[in-house]
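Structure, as C-alpha cells:
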There are 2 protein chains.
Amino acid sequence: MIFSSELIKGTLKTIVLKQLSEGNKMYGYEITQKVKELTGDRIQISEGALYPTLHALEKEGLLTTETIYIGKRVRKYYRLSDSGKKKSKERVSEFAEFVETMKILLDLQVKPA
Amino acid sequence: MIFSSELIKGTLKTIVLKQLSEGNKMYGYEITQKVKELTGDRIQISEGALYPTLHALEKEGLLTTETIYIGKRVRKYYRLSDSGKKKSKERVSEFAEFVETMKILLDLQVKPA
DNA sequence: CACAATGCATTGGTTTCTTATGTATCTTTG
DNA sequence: CAAAGATACATAAGAAACCAATGCATTGTG
C-alpha cells in the first residue's frame with residue numbers, strides 16, 4: 001500500500017531534516033532511496049517534490065551544501081547547519097505531538113513498540 | 001501550541017469523516033467546535049477550509065445533507081452515507097498505518113495509552 | 001549497444017488551505 | 001437597549017506544496 005500523497009503533504013521537510021540528522025551528509029537521490037527502503041516502498045519521494053524542498057531548506061539556512069564529482073557526474077551533498085539541527089528536533093517533536101492529538105481525534109489504538 | 005498548518009494538511013477529510021462516524025449527524029460549525037474541544041484548541045479548522053471540504057465530500061457521495069431552521073437561522077446537517085462510512089474507516093486506517101511508518105522514519109517513541 | 005539506473009534540475013498544473021469578505025441571526029452584557 | 005460577540009452559512013483570491021512530465025548527462029548491465 002502506497003500512502004495517498006495527501007497524507008504525506010506537510011511532512012516532507014520533517015522527513016528530510018530527520019534523515020540528515022542521522023547519517024551526516026546525504027545527497028538528494030540518496031534520501032529518496034533511504035526513505036523508500038525504510039518504509040518498505042510505502043513512501044516514495046518524487047524528485048519534483050524533493051529538490052524544491054532541499055533548495056528551500058538551504059535558503060532558510062538549515063542546510064549547507066557541498067558539490068563533488070563522481071567521475072564526471074555531479075553529486076550535491078546536503079548537511080544540517082546548527083540551526084538545521086535545532087529545527088530538525090523541533091519538527092520531529094511537533095510531529096510526535098501532532099500524532100498524540102490525532103490519536104484522540106481519530107480514536108486510534110496504540111501499537112506497542 | 002497550535003500546530004503549523006502544514007502538518008494538518010491532508011488530514012482534514014479524515015478528521016471530518018471520523019467525527020461524523022461517531023455522533024450521527026453534525027453541522028459545520030459543530031464540527032469545528034468539537035475538534036477544537038477535543039484537541040484542547042490545538043487544531044482549529046477554519047471555515048474557509050471546512051465548507052469546501054464538506055461540499056466536496058457531498059459531491060463524492062460520502063455525505064448526505066439535511067437543512068433545518070433554528071428560528072430563522074439556517075443549519076445544514078451532514079451525515080455519512082453508506083460509502084461514507086466505509087471511506088471513513090479506510091481513511092482512519094490509512095492514517096494509522098501512516099503513523100506507524102512515520103514512527104520508523106522519525107524514530108519516534110511510543111507513548112503508552 | 002540499448003536500456004535501466006543514477007543524479008541533478010525545472011516547468012505547468014492541481015489540490016488544498018488561508019485570509020478576507022459577505023450576509024444574517026441570536027445572545028449576552030454594560 | 002445598543003454594541004459586541006457568538007452562531008452559521010458561504011465564496012473568492014491567492015499562496016503553498018506537491019505531482020507528473022520532461023530534460024540533460026553519465027554509468028552500469030544484459
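Basis for what follows: all heavy atoms, side chains included, without hydrogens, waters or symmetry-related copies. Throughout, a chain's letter reflects where its sequence line sits, starting with A, and its residues are numbered from 1.
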Does [X] reach a base, just sugar-phosphate, or nothing at all? Heavy atoms under 4.0 Å.
X       : value
A:Glu47 : base
A:Gly48 : base
B:Arg73 : base

D:dT7, C:dC17, C:dG7: which one has an atom nearest the side-chain heavy atoms of B:Tyr29?
-> D:dT7
Taking C:dC26, C:dT18, C:dT10 as options, the one with an atom nearest any side-chain atom of B:Lys72 is C:dC26
Gap between atoms [atom1] and [atom2], on [X] and [N] respectively (whole Å):
X       : N      : atom1 : atom2 : value
B:Gln44 : D:dT7  : CD    : P     : 13 Å
A:His55 : D:dA16 : NE2   : P     : 18 Å
A:Tyr27 : C:dC8  : OH    : P     : 7 Å
B:Leu12 : C:dT15 : CG    : P     : 16 Å
A:Lys9  : D:dA15 : NZ    : P     : 17 Å
B:Lys13 : C:dT16 : NZ    : P     : 5 Å
A:Ile31 : C:dT6  : CD1   : P     : 15 Å

In terms of heavy-atom contacts, B:Lys18 and A:Leu106 come closest through CE-O, 3.2 Å
Under 4.0 Å between a Lys/Arg side-chain N and an Asp/Glu carboxylate O for B:Glu94 and B:Arg91?
->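 Judged by the 4.0 Å cut-off on N to carboxylate O distance, B:Glu94 and B:Arg91 do not form a salt bridge.
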Take A:Ile104 and B:Thr39 through the side-chain contact (heavy atoms from CB on, under 4.5 Å) test and state the conclusion after the steps.
-> CA-CA 8 Å; A:Ile104 296 166; B:Thr39 63; over 6 Å; no
Qualifying residue for salt bridge (Lys or Arg N to Asp or Glu O under 4.0 Å) with B:Glu66, from B:Arg79, B:Arg75, B:Lys76 | B:Arg79
